[in-house]
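Proteins come first, then strands; the chains are lettered A, B, ... in the order of their sequence lines, and each starts at number 1. Source: prediction; values computed, not measured.
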There are 2 protein chains.
Amino acid sequence: MALEHAILVSLLEKPGSGYELARRFDRSIGYFWTATHQQIYRVLKRMESEGWVAVREVAQQGRPDKKHYSVAEAGRAALAEWLHEPIEPESVRHDLAVKIRGAAFDDPSALIRQVERYRQVHSERLAHYLAGQSRDFTGPDAPQGTDAMRELQHVVLRGGIAYERMTLDWLEDVLATLRRIQAARTGR
Amino acid sequence: MALEHAILVSLLEKPGSGYELARRFDRSIGYFWTATHQQIYRVLKRMESEGWVAVREVAQQGRPDKKHYSVAEAGRAALAEWLHEPIEPESVRHDLAVKIRGAAFDDPSALIRQVERYRQVHSERLAHYLAGQSRDFTGPDAPQGTDAMRELQHVVLRGGIAYERMTLDWLEDVLATLRRIQAARTGR
DNA sequence: CTTGTCTATGAAACGAGTTGCATAGCAGGA
DNA sequence: TCCTGCTATGCAACTCGTTTCATAGACAAG
């Protein structure tokens, strides 16, 4: 289980509440690790009881109180230990690949429409990454300095960009293949 | 849940037993959808009770009896329905991205070794895909003909190849970044 | 003035996925 | 001979992840 480690990294980058973490998991970290607020609250509670994080209750005006979390020494040590463990091969769950192979046993036209929509989603995601990159890393207003944290965030973002570009190219290939099959079927 | 649909596709491509399916999920399909034999047996049982698949018990000599599954009409219809549903964005769980960002808070040298090992794994996987491609699709001994099933299997494999190439390029970038950070740290 | 959205946390139930164990005959190597 | 590995299926327990619901004050739009 790596959600606890993802939370540790996020809290080391910037301490905050469970709610704030949940929003980060909808954006930056969320592109590489998804989690709902339920999971986050549950795991934070466990991490607290294990002494990995420290809590401070913060009263707010006009808003519910929040619990401000930061990483404790034990949490830092647990993260270091995890970083030294071998990287496990990701367990892939790629719906689209299954659907494509399934199209051999169905009319492909519906799938073609779905793939076109899907391509749209990925091209928006690429645009979003690129905007984030010029805002935070390469643009004229980007904060200067080359501390390790920023450099590492940037290399992960470059990975996301490379992934989206590769995916968009491949989706063109997929669409061409599906259309070829469709033409061959209606042709006969 | 798409495991049942992955099983339907695999059984449509070629009927077989739960055990055979489990092995396929270690190879071809398994590159895009992982599943253990436990999951497969459990889901097959449910699919059978829903009338999606038909079973035939096959007695064997010197080996345990096996249950031969094939897709029933209801299963084919269920697959078609699923293919028409929108493609959901995959929920990403990328350990490595988390570890890279975590390296900002630890000595990166251990991670560098892990990434080098990981790169090795992906380069072997690429070689494996390329071998499969020449064997089954582009080589001189590849079966001729351009039926939809083979074309679609091939475009999925091309996706796997593109993914591995992209990943290997990115891992070079990651290694260069980690080494730069390490050098800056030991230099100071 | 009601409806909806945002902040903020949490319980409860369910579904998906993993791990360990069990059975059982056959084949091959140390 | 014993141990390992392959074929073949399955139970039980557990962890992980998702969905639904609940609370509750502040604020804005209609």
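- The side chain of Tyr19(B) contributes an N or O atom lying less than 4.0 Å from OP1 or OP2 of dT7(D).
- Rounded to whole Å, atom P of dC16(D) lies 13 Å from atom CD of Glu88(A).
- For Arg42(A), taking side-chain heavy atoms from C-beta onward, the closest of the listed nucleotides dA13(C), dG10(C), dG10(D) is dA13(C).
- Atom C1' of nucleotide dA8(D) and atom NZ of Lys66(B) are separated by 10 Å, given to the nearest angstrom.
- Nearest-nucleotide assignment on DNA chain D puts the 5′-proximal partner with Trp33(A), out of Pro64(A) and Trp33(A).
- At whole-Å resolution of the value, CD in Gln60(A) and C1' in dA8(C) are 8 Å apart.
- No hydrogens or angles were tested; on distance alone, nothing pairs the side chain of Arg46(A) with the base of dT15(D) as donor and acceptor under 3.5 Å.
- Taking atom NZ on Lys45(A) and atom C1' on dT15(D), their separation rounds to 18 Å, with Å as the unit.
- Closest to the side chain of Gln39(B), out of dA24(D), dG17(C), dG10(C), is dG17(C).
- Between Tyr69(B) and Arg63(B), it is Arg63(B) whose nearest contact on DNA chain D lies nearer the 5' terminus.
- Here the P atom of nucleotide dG10(D) and the CG atom of Leu21(B) are 13 Å apart, to the nearest Å.
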Could you please spell out the steps behind the salt bridge (Lys or Arg N to Asp or Glu O under 4.0 Å) verdict for Arg119(A) and Glu172(A)? CA-CA 8 Å; Arg119(A) 178 181 54 175; Glu172(A) 290 304 318; 2.6 Å; yes

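- Take Asp95(B) and apply the side chain to side chain donor-acceptor pair (under 3.5 Å) test, not counting sequence neighbours, and it matches no residue.
- When the C1' atom of dG10(C) is taken as reference, atom CD of Glu57(A) falls 13 Å away, rounded to whole Å.
- Between the side chain of Gln38(B) and the base of dC11(D), a donor-acceptor pair under 3.5 Å is found.
- For the pair Leu44(B) CG and dT9(D) C1', the interatomic distance rounds to 11 Å; values are reported in whole Å.
- Residues passing the salt bridge (charged side-chain N to carboxylate O under 4.0 Å, His left out) test with Arg180(B) are Glu151(A), sequence neighbours excluded.
- One can place CD of Glu4(B) at 12 Å from P of dG15(C), the figure rounded to the nearest angstrom.
- Looking at heavy-atom distances under 4.0 Å, Ser17(A) makes contact with sugar-phosphate atoms alone, never a base.
- Between Tyr41(B) and dT9(D) there is a side-chain polar atom (N or O) within less than 4.0 angstrom of OP1 or OP2.
- Under the 30°/60° scheme for interplanar angles, the aromatic rings of Tyr31(A) and Tyr129(A) are found to stand perpendicular.
- Checking dG10(D), dG10(C), dT18(C) against every side-chain atom of Arg93(A), the shortest atom distance belongs to dT18(C).
- The structure places OG of Ser10(A) at 10.5 Å from CG of Leu3(A), a figure rounded to the nearest 0.5 Å.
- Close to dT7(D), at under 4.0 Å from its OP1 or OP2, lies a side-chain N or O of Arg23(B).
- Relative to the side chain of His37(A), the nucleotides dT9(C), dA8(D), dT7(C) differ in distance, and dT9(C) lies closest.
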